[in-house]
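One structure is given here, and the rest of the page talks about it.
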Amino acid sequence: MNILVVGSGGREHAMAWKLSQSPKVQKVFLAPGNGGTASAAAKNMGIENLPITDLHELAQFAEEQKIYMTVVGPETPLAGGIVDIFRAKNLRIFGPTQKAAQLESSKDFAKSFMKRHHIPTAEYQTFSDIKKAHAYIDLKGAPIVIKADGLAAGKGVVVAMSLEEAHGAIDMMLSDNKLGDAGARVVIEEFLVGEEASFIVMVDGHNVLALATSQDHKRLLDADLGPNTGGMGAYSPTPVVTPEIHARALREIIMPTVKGMAADGIPFTGFLYAGLMIDESGKAKTLEFNCRMGDPETQPIMSRLRSDFLVALDAAVDGKLNEVELEWDPRIALGVVMAAHNYPETPRKGDVISGIPADGSDHVTFHAGTSMDGDQLKTSGGRVLCVVGLDHTIRGAQQKAYAIVDQIKFDGAQYRRDIGYRAL
Ligand code: AMP
Ligand code: GLY
């Protein structure tokens with residue numbers, strides 16, 4: 001069977017890597033893929049890049065090449081309706097429809113959905129009128145959180161610690177239009193305190209299958225300092241999601257969301273990623289929904305998955321996730337992201353990468369912002385690589401990951417030295 005994975009990052013490389021190990025899979029096409037998935041090593045595993053990004057062209061390719069299953073990594077094609085386009089051609093694809101993807105692509109949709117279905121989340125109001133938005137901020141005071149309604153590639157959330165910052169965020173979105181249409185409406189919400197955790201499940205419209213727990217590190221620098229990024233590292237499992245929090249998140253957030261979407265006539269299919277804020281009493285509130293897996297969370301999660309991922313995807317597309325149980329490597333997987341010079345602002349491209357060792361039983365290197373220039377591997381994006389180490393202890397997993405990171409060289413490489421510190 002041939003499989004199509006849509007995307008080009010470390011998350012998609014990890015999915016393709018895992019799928020290529022299925023005895024049922026011949027070839028995994030990655031569209032458009034990256035420098036790592038263009039390599040000879042990838043080719044030996046049956047992974048091949050497909051230089052297509054247009055959603056209709058992808059569907060045409062899937063039809064012509066008799067692709068058995070398509071799985072989508074990033075939110076943009078999902079919000080663009082790739083699942084609807086594939087389904088209209090009777091092609092098997094795992095992901096949410098365009099309407100269901102609004103849980104991520106519109107913060108206002110997600111907030112009003114949660115309010116309607118009594119799903120715990122921060123109190124909020126939505127504005128497109130700038131005067132009313134400023135007045136609401138004066139009424140509520142700081143700290144307060146301002147979120148662009150639409151997809152803004154990680155730049156749409158301002159956690160304002162002062163009134164000045166909050167008013168500035170409103171001007172940036174509603175008057176200077178810095179985020180374009182995505183910021184033409186804003187959600188202003190209550191500032192929550194607590195410990196953050198992410199919770200990722202597979203959903204088939206009705207049934208839910210939880211993936212192994214994970215936690216990512218969003219800030220650029222050690223000790224959670226510096227600017228927010230897409231994620232500088234992640235590990236799985238995480239002690240932050242205790243069995244108690246796991247059960248509560250499923251009962252109070254995930255299940256009501258899946259039931260609510262079905263009741264609203266927009267059944268959710270796909271990966272559902274809830275960003276949670278857990279307060280001192282152990283109560284979780286929803287910070288956000290993503291309608292996809294996390295990056296870099298996927299890299300350690302896939303590294304630990306022992307079951308055949310295709311079997312789970314198949315069951316999900318057939319509405320039979322209740323029949324699947326996943327088996328996990330008991331070891332801890334810890335992924336360290338190596339980012340380009342000047343990430344996250346304006347990452348530099350074109351630095352030559354050297355020293356990546358072959359994968360082993362306790363380490364794997366996933367590519368993201370890399371490309372082949374002749375026979376040279378070069379940086380081509382913000383997050384360049386994610387090196388995963390596996391071991392029975394968190395310290396051991398750290399040592400294994402960093403032993404590989406220390407061998408890999410490119411000018412301007414940035415990475416954190418403390419991934420996993422919360423688990424220690
Ligand atoms: P989001 O994309 O909505 O998850 O927001 C990005 C980050 O902003 C989150 O990971 C949190 O660290 C922070 N954040 C979002 N909403 C809130 C909130 N209501 N209170 C405090 N921090 C928040
Ligand atoms: N690592 C966070 C995300 O994928 O949204």
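All ligand and atom numbering here is 1-based and tracks the order in the structure. Below, each value reflects all heavy atoms present in this structure, side chains not excepted, and no hydrogens, waters or symmetry copies. Small disclaimer: the values here were computed from a predicted structure and weren't measured.
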In sequence, state the C-alpha distance, the side-chain angles, and the governing distance for Ile137 and Ile146, and then conclude on side chain to side chain contact (heavy atoms under 4.5 Å, CB included).
-> CA-CA 10 Å; Ile137 283 172; Ile146 293 105; 4.1 Å; yes
Ligand 2 atoms in contact with [X] (distance to a heavy atom under 4.0 Å):
X	value
Glu297	1 (N), 2 (C), 4 (O)
Gly294	4 (O)
Asn290	5 (O)

Indicate yes or no: does an N/O atom of [X] lie under 3.5 Å from an N/O atom of ligand 2?
X	answer
Arg292	yes
Glu288	no
Gly230	yes
Asp295	yes

Report every pair formed by an N or O atom of ligand 1 and a protein N or O atom separated by less than 3.5 Å, giving atom names and the distance to 0.1 Å.
residue  : atom   : partner : partner atom : Å
ligand 1 : 2 (O)  : Glu288  : OE1          : 3.1
ligand 1 : 3 (O)  : Lys107  : NZ           : 3.2
ligand 1 : 3 (O)  : Lys147  : NZ           : 3.0
ligand 1 : 4 (O)  : Glu288  : OE1          : 3.3
ligand 1 : 4 (O)  : Glu288  : OE2          : 3.0
ligand 1 : 10 (O) : Glu196  : OE1          : 2.7
ligand 1 : 10 (O) : Lys218  : NZ           : 3.3
ligand 1 : 12 (O) : Glu196  : OE1          : 3.4
ligand 1 : 12 (O) : Glu196  : OE2          : 2.4
ligand 1 : 16 (N) : Lys147  : NZ           : 3.0
ligand 1 : 16 (N) : Glu189  : OE2          : 3.4
ligand 1 : 19 (N) : Glu189  : OE2          : 2.7
ligand 1 : 19 (N) : Glu190  : O            : 2.9
ligand 1 : 20 (N) : Leu192  : N            : 2.8

Aromatic plane relationship, [Y] with [X] - under 30° parallel, 30 to 60° tilted, over 60° perpendicular:
X	Y	answer
Phe109	Phe113	parallel
Phe61	Phe29	perpendicular
Tyr136	Phe127	tilted

Is it true that Phe199 and His246 have ring centroids separated by less than 6.0 Å?
->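 Ring-ring flag for Phe199/His246: true, centres closer than 6.0 Å.
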Donor-acceptor pair, distance only, cut-off 3.5 Å: does the side chain of [X] make one with the backbone of [Y]?
X	Y	result
His13	His367	yes
Gln299	Gly335	no
Asn2	Ile67	no

Atom 2 (C) of ligand 2: the protein heavy-atom neighbour that sits closest, reported with distance to 0.1 Å |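 Checking every protein heavy atom, the shortest distance to atom 2 (C) of ligand 2 gives Asp216 OD2, 3.3 Å.
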Side chain to side chain, Ile253 and Arg248, heavy atoms closer than 4.5 Å =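 Answer no - side chains too far apart.
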Among Arg331, Arg304, Lys400, the one residue meeting salt bridge (Lys or Arg N to Asp or Glu O under 4.0 Å) with Asp391 |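 Checked Arg331, Arg304, Lys400 against Asp391; only one passes salt bridge (Lys or Arg N to Asp or Glu O under 4.0 Å): Lys400.
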